Each structure stands twice: as structure tokens, then as C-alpha cells.
Undergrad: 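Below you'll find the structure I mean.
All heavy atoms count here, side chains included; hydrogens, waters and symmetry mates do not. Numbering starts at 1 and runs along the sequence shown. Bear in mind the structure is a predicted one, so any value in this text is a computation, not a measurement.
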Amino acid sequence: MEIRFRFLLDTNILIPLQDSMVVLQPALTDFVRLCNAHGHQLLYHPASVEDIQRDGNVERRTRTLARLPQYTLLQEGDPCPWNTPATSVNDACDNRILWTLDQNAAHALVTEDQRLHRKARDRGLSDRVYFIQSAQDWLQRLHEPAEVTLPNIEEVELHTLTPQLGGAFFQTLRNDYAGFNQWFQRIAMEGRRAWVYREPGQVDVQAICIFTVQADERITDDAQVLDGLALKLCTFKVGEVVRGRKIGELFLRAAFQFATIHQCEHIFLHANEEQQVHLTSLIEDFGFRAVGAYMNDAVFVKSHPVNPPPMQIEPFEYVRRYYPHYLDDLEVQKYIVPIQPQFHDILFPDWMAPGQALPTNHPQRHVGNAIKLAYLSNALTKLPKPGDLVLFYRSHDLKAITTLGVVERYEWMGEAGEIARVVSRRTVYTDAQITEMTRAETKVMLFRLIRHFENPVPLALLLASPPIVNGFIQSTTHISDESFSRILTAANG
């Protein structure tokens, strides 16, 4: 039986798309197609009807109301307790919609409203609120995995993008920043570089992150200075047509690796908190914090120390703040988690066996996958806690430990729809795979990828005296701190 979801559509999805959102029409059309084809229900809230009725454009209002019967009207429950007599009409509508989501009337809300995304984050509901592209990408990965290509990014010299500077992708940057073209041309002549994403087989850029290293840089209007080397992400833009594919996370992974190699103690960027809610939510989840303002933007800084700072905080919070550093003291438990090759390929599409890796100078070698991932298993019997360390052991063919991760969350689940929602942003398990696994109680482990080992640690070494394991690894295995250190020593060559 297929997994089925209930999607609540916000007002700005129901109203015919404005000119500025026409680029999203293909994603919306495909999202509706996938819902209809696989039995997902599309709902609208009574508050959206009231919102539409306030539309001053009579023709558009009439057309929108005429379209509503193709969706299902959600029955509203008890009054929203978040509203007071002082709450504005628009805020009251937003609150009623989010309250309905909070009460589990639907699996997810689909909206392009940046303000509503920000409110959802404040209410702890951000993991259930999707942009159109994100929702479409989720369903496509769930139902049509063969048609989805996991994104890779490449590093380029900025001058190679000059022919595209007059195109639509850069238009929003020109609109937001006066003199953008002149600035771009100047830094291109200086040899500035960028990470970019292009759709497979296409030349045009769909996402870009321009970066540079600065020393002792003044970063705010009130003259705050970052001592030492800092990596500045000068322009961070993911186009609307590719939003939801974790490209922003890929850019961050590239930034963390670059900052580590070049010993940058900080990473920082500017962002408009009102207009770039998606970006600010992403970077805050990876330890960036607002420290002040520069011109009209907020300045977000992430501490990226060369050496792991000694600090007494919860192990997972430590990873969030100082990734890729992690805690491995005696309070942190260590596990080996076996994973079959076909699921290893799903979880780590950027991992390659020794001898099959891309050349060192290949433009896509340095990044292939995201950081926040999910692992499903019917065999996990131990109970890892947030901050615990997991070593993934590829069984059957390689018979070696390939990857290190840090546990973010661990749960037992028995309902396929709930599992699919939880892992939707983190991996590419299909509808059929999730349904098959939930015939028994399924363990869901959300984790953050720290690194793949260039030297996978073979089973023979794990069995060598004194043995770390006693035979073939068939279930999650707890190991000692001394065994963990031996494994890292071997992996580091």
C-alpha cells in the first residue's frame, strides 16, 4: 500500500501565481500531479477562504474562489489559542493555519510565504512547512526516484560566469544590490572563485556561493572585528526552481571543508532576515548566529576553530556549533552500525570505494552529498542518544567501516507515513522501501555526516588482536573508547 499524505495549501498557493512566481508553476503543476497520481490529499483552510475574500482584485478573487472546489476544505477545530484581540487579521489567519498543523490536521503545509515560514520556525513547526519546490522534490524522490539526480556542486573562477551575468538568475541580485554588475566584474578580475550548481547537462547556473578569505575583518556597522582569518560567503543564492534539493547545505559543506583546510577561524555572511528566512533557518541550524548589522543586512557568524574548543555542553549542541568538530569523551557512546551496500549507496551517494574515486582535480570531487541524513533499520537494537558517535560498516562487499556520523535524534516508529515525513529532507528512501521496512517496527536515526574515511577500516583489522568485534557485524555494536581510537588511527592512515 502506498504512503499517503495530507497537504495543507496556503493562500498564496491557491491564488493564481503572480508574475514574480511564474517560475514556480512547473514545480506546482508537478506537485499536484504527484499528489493526484499517488493519492495524497490537498486541503485548504477556512482562514484561506477569508483571506481570498479580502483580495481587492475582483477578477482574481472570483477565479480563485471558483478553483477551490478542486481541493478539500479542512474542518477547523477549536479556536486558535495563539490569537488575542490585539492580533492583526493577517497574523490571526497565519496562526489559525499553523495551529491546525500543530494539532496534526495535516502532515505538512505548503507555502511560499517567507513570513509564515519564519512563524513556523518560531513555533517549532519548520520541519513540516515546505516551499513548493521542496514539496515537489520530496514527492518525486519518494515516488519517482529514478528521475531525480542528487546535486553536486563545482568550484569555478568567477570570470567564467560573465556571459551569464545579464541573465534572469542574476536579475534578483541586481534588484537587491545597486551596482551588482560592477562589483561582480571587479572581483572577477581579482580572481575570485565561487561554488555553483547547474542542472545536469546545462550551462546556466541555478545556484551560487561566492567566497573569499579575509583577515582581521571589520564586519558590522558598529566596528566588530573578526580576529585572524575568516571565510566570507559574499553571495549565497539558490534559485527558486532548484530549491529543496539541499544545495544550500551542500554549499555549507563546501564552506566548512574549505575553512578547515585553510584554517579559517570564522565563517560569516550577510542576510536579510525578512526576505531570506529559508537561508537564515539553514545557517542557524549549523551554528551561525546574528552578531549585528551591516548596512541593511544582518551579519551571521559561525565560529570555526582550528582545534576543538574545550567546552562543557551537550554533545549534539557542540556539533551544531562547531561542526565538523565533535565530542568523543567518556560520556559519548560509540557504535558500529552495519549497512547493506544497496542502502549504503542510497545514504552516501558521494562515497566511492578506493580506486574508484574521482581524480583529485575533478571539479566535483570535494562535495557530493549533504550533511543532515537519516538511516532506517529494523535491526537497530541499541539506543543511541543525541551526540553519540556512529561508525557505518558497509557489509557484504567491502566489509569495512567507511563513515563517521553524530546522532541527532533516534526514534522507534511503526507508521510509514510518519517515517517518510521525518526523513523527507534527509535521504532518498522510496515509498516502496519505507513500506517494506515498516512491516516490522522501524528505527529511525537522524544524524549528521562528519566525514568519509579515505582509508576504510576492514573487518580483518577489527578482528585482529585485541579484537574490536568477535565476528561478522550483523547488528549495532557498542564499542569502547579505546576501540574507537584504534579505528580512527587506522582510518587516518
Undergrad: Just jot down the salt bridge (charged side-chain N to carboxylate O under 4.0 Å, His left out) partners of Arg186, sequence neighbours excluded, or say none.
TA: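 With sequence neighbours excluded, Arg186 shows a salt bridge (charged side-chain N to carboxylate O under 4.0 Å, His left out) to Glu190, given in chain and number order.
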Undergrad: Less than 4.5 Å apart, any side-chain heavy atom of Thr260 and any of His325?
TA: no
Undergrad: Hey, could you give me each pair passing salt bridge (Lys or Arg N to Asp or Glu O under 4.0 Å) that has a residue in residues 267-282? Not counting sequence neighbours.
TA: Arg118-Glu274
Undergrad: Assess the residue pair Asn104 and Arg128 against the criterion (side-chain hydrogen bond (donor to acceptor under 3.5 Å, both in side chains)); give the C-alpha distance rounded to whole Å, side-chain angles, the decisive distance to 0.1 Å, and a yes or no.
TA: CA-CA 10 Å; Asn104 298 313; Arg128 296 173 63 185; 3.0 Å; yes
Undergrad: Among all residues two or more places apart in sequence or in another chain, which pass the ring pair (Phe, Tyr, Trp, His ring centres under 6.0 Å) test with Phe236?
TA: Phe251
Undergrad: Evaluate whether atom CD of Gln342 has more than 12 neighbouring non-hydrogen atoms of other residues, nucleotides or ligands under 6.0 angstrom away.
TA: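 Check passes, neighbour count above 12.
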Undergrad: For the residue pair His452 and Thr403, confirm or rule out a side-chain donor-acceptor distance under 3.5 Å.
TA: yes
Undergrad: Nearest 0.5 angstrom please: Gln185 CD to Leu165 CG, how far?
TA: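 So the CD of Gln185 and the CG of Leu165 are separated by 6.0 Å.
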Undergrad: Answer yes or no: is there a side-chain heavy-atom contact under 4.5 Å between Ile52 and Leu68?
TA: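 Counting from C-beta outward, Ile52 and Leu68 do come under 4.5 Å.
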Undergrad: Let's go through Val213 and Phe258 carefully: what are the C-alpha distance in whole Å and the side-chain angles of both, what is the deciding distance for side chain to side chain contact (heavy atoms under 4.5 Å, CB included) to 0.1 Å, and is it a yes or a no?
TA: CA-CA 10 Å; Val213 175; Phe258 184 96; 3.5 Å; yes
Undergrad: Measure the shortest side-chain to side-chain distance between Leu142 and His38 over non-hydrogen atoms and say whether it is less than 4.5 angstrom.
TA: no
Undergrad: Donor-acceptor pair, Ser281 side chain versus His278 backbone, under 3.5 Å?
TA: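 Checked: no pair found.
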Undergrad: Would you find more than 12 non-hydrogen atoms of other residues, nucleotides or ligands less than 6.0 Å from Gln202 atom CD?
TA: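 Buried by this count: over 12 neighbours within 6.0 Å.
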Undergrad: Roughly how far, to the nearest 0.5 Å, is the CG atom of Leu8 from the OG atom of Ser48?
TA: 6.5 Å
Undergrad: Mind jotting down which residue pairs meet the ring pair (Phe, Tyr, Trp, His ring centres under 6.0 Å) criterion with at least one end in residues 103-125? Sequence neighbours excluded, please.
TA: Phe5-His107, His117-Phe131
Undergrad: Listing request: all side chain to side chain donor-acceptor pair (under 3.5 Å) pairs with a residue in residues 204-214, at least two apart in sequence or in separate chains.
TA: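 Listed by first then second residue: nothing to list.
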Undergrad: Hey, mind stepping through His45 and Thr100 against side chain to side chain contact (heavy atoms under 4.5 Å, CB included) and telling me if it holds?
TA: CA-CA 9 Å; His45 195 283; Thr100 298; 2.8 Å; yes
Undergrad: Any side-chain to backbone donor/acceptor pair from Arg321 onto Ser303? Under 3.5 Å, distance only.
TA: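 Pair absent, no side-chain N/O of Arg321 close to backbone of Ser303.
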Undergrad: Under 30°, 30 to 60°, or over 60°: which ring-plane class applies to Phe447 and Phe348, parallel, tilted or perpendicular?
TA: perpendicular
Undergrad: Got a second to check how far Gln140's CD is from Gln133's CD, nearest 0.5 Å?
TA: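 Atom-to-atom, Gln140:CD and Gln133:CD are 8.5 Å apart.
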Undergrad: Show me, pair by pair, the donor-acceptor contacts under 3.5 angstrom made by side chains of residues 156-164, not counting sequence neighbours?
TA:
from   : atom 1 : to     : atom 2 : distance (Å)
Glu157 : OE1    : His159 : NE2    : 2.9
Glu157 : OE2    : Arg193 : NH1    : 3.4
Thr160 : OG1    : Glu157 : O      : 2.6
Thr162 : OG1    : His159 : O      : 3.0
Gln164 : OE1    : Val205 : N      : 2.8
Gln164 : NE2    : Val203 : O      : 3.1

Undergrad: Per the side chain to side chain donor-acceptor pair (under 3.5 Å) rule, what does the pair list look like for residues 285-296, sequence neighbours excluded?
TA: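 Sorted pair list: Asp285-Lys372, Asp285-Arg448.
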Undergrad: Look up atom CZ in Arg253 and atom CG in Leu449, then write down how far apart they are to the nearest 0.5 Å.
TA: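 Rounded to the nearest 0.5 Å, the CZ-CG separation comes to 5.0 Å.
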Undergrad: Is a side-chain donor-acceptor pair under 3.5 Å present for Thr402 with Arg394?
TA: no
Undergrad: Drop me the distance from Ile132's CD1 to Ile13's CD1, to the nearest 0.5 angstrom.
TA: 3.5 Å
Undergrad: Considering residues, nucleotides and ligands other than Glu199, do more than 12 of their heavy atoms fall under 6.0 Å from its CD?
TA: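 Atom CD in Glu199 is packed in, count exceeds 12.
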Undergrad: Please determine whether side-chain hydrogen bond (donor to acceptor under 3.5 Å, both in side chains) holds for the pair Asp30 and Gln136, giving the CA-CA distance in whole Å, both sets of side-chain angles, and the decisive distance to 0.1 Å.
TA: CA-CA 7 Å; Asp30 196 49; Gln136 182 262 347; 2.8 Å; yes
Undergrad: Between His270 and Lys232, is any pair of side-chain heavy atoms under 4.5 Å apart?
TA: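 His270 reaches Lys232 side chain to side chain.
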Undergrad: Please walk me through it: do Arg115 and Asp94 pass salt bridge (Lys or Arg N to Asp or Glu O under 4.0 Å)?
TA: CA-CA 9 Å; Arg115 181 185 61 187; Asp94 290 348; 3.1 Å; yes
Undergrad: Can you name the ring pair (Phe, Tyr, Trp, His ring centres under 6.0 Å) partners of Phe170, sequence neighbours left out?
TA: Phe184
Undergrad: Side chains of Trp99 and Asp102: closer than 4.5 Å at any heavy-atom pair?
TA: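 Side-chain contact under 4.5 Å: yes.
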Undergrad: Report the C-alpha separation of Trp183 and Tyr177 in whole Å, then their side-chain angles, then the decisive distance to 0.1 Å, and conclude whether the ring-ring contact (aromatic ring centres under 6.0 Å, His included) test is met.
TA: CA-CA 10 Å; Trp183 172 80; Tyr177 301 101; 8.3 Å; no
Undergrad: Would Gln171 and Asn175 count as having a side-chain donor-acceptor pair, cut-off 3.5 Å?
TA: yes
Undergrad: Does a side-chain heavy-atom distance below 4.5 Å link Thr11 with Tyr44?
TA: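 No, their side chains stay 4.5 Å or more apart.
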Undergrad: Find out whether the Lys NZ or Arg CZ of Lys302 is both under 6.0 angstrom from the six-membered ring centre of Phe286 and within 45° of the ring's axis.
TA: no
Undergrad: Go through the structure and list residues passing ring pair (Phe, Tyr, Trp, His ring centres under 6.0 Å) with Tyr326, not counting sequence neighbours.
TA: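 Testing Tyr326 for ring pair (Phe, Tyr, Trp, His ring centres under 6.0 Å), a comparison that skips the adjacent residues, returns none.
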Undergrad: Can you pull the salt bridge (Lys or Arg N to Asp or Glu O under 4.0 Å) pairs that have at least one residue in residues 79-93, sequence neighbours excluded?
TA: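 For residues 79-93: Asp91-Lys119.
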Undergrad: Tell me, please, which residues at least two apart from Val422 pass side chain to side chain contact (heavy atoms under 4.5 Å, CB included).
TA: Arg409, Met413, Glu418, Val444, Leu446
Undergrad: Is the gap between the ring centers of Phe7 and Tyr130 under 6.0 Å?
TA: no
Undergrad: Taking the side chain as everything from C-beta on, heavy atoms only, tell me whether Val406 gets closer than 4.5 Å to Tyr323.
TA: no
Undergrad: Would you please classify the geometry between the Trp195 ring and the Phe211 ring as parallel, tilted or perpendicular, with 30° and 60° separating the classes?
TA: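 Answer is parallel, since the angle falls under 30°.
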Undergrad: Evaluate Asn12 against Asp113 for side-chain hydrogen bond (donor to acceptor under 3.5 Å, both in side chains), listing each step before the verdict.
TA: CA-CA 7 Å; Asn12 64 1; Asp113 188 337; 5.1 Å; no
Undergrad: Examine distances only and state if a side-chain atom of Arg4 and a backbone atom of Gln41 form a donor-acceptor pair shorter than 3.5 Å.
TA: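 No; zero donor-acceptor contacts below 3.5 Å.
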Undergrad: About how many Å separate CG of Asn90 and CG of Leu116, when rounded to the nearest 0.5 Å?
TA: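 Going from the CG atom of Leu116 to the CG atom of Asn90 covers 11.0 Å.
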Undergrad: Check Asp127 with Arg421, please: is the shortest side-chain N to carboxylate O separation under 4.0 Å?
TA: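 Result for this pair is yes, salt bridge flagged.
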Undergrad: Going by the rule ring pair (Phe, Tyr, Trp, His ring centres under 6.0 Å), which residues pair with Phe288 if we only count those two or more places apart in sequence or in a different chain?
TA: none
Undergrad: Relative to the ring of Phe256, is the ring of His304 parallel (under 30°), tilted (30 to 60°) or perpendicular (over 60°)?
TA: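 Taking Phe256 first and then His304, their aromatic rings lie parallel (interplane angle under 30°).
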Undergrad: Hey, are the side chains of Phe300 and Leu233 touching, using non-hydrogen atoms and a 4.5 Å cut-off?
TA: no
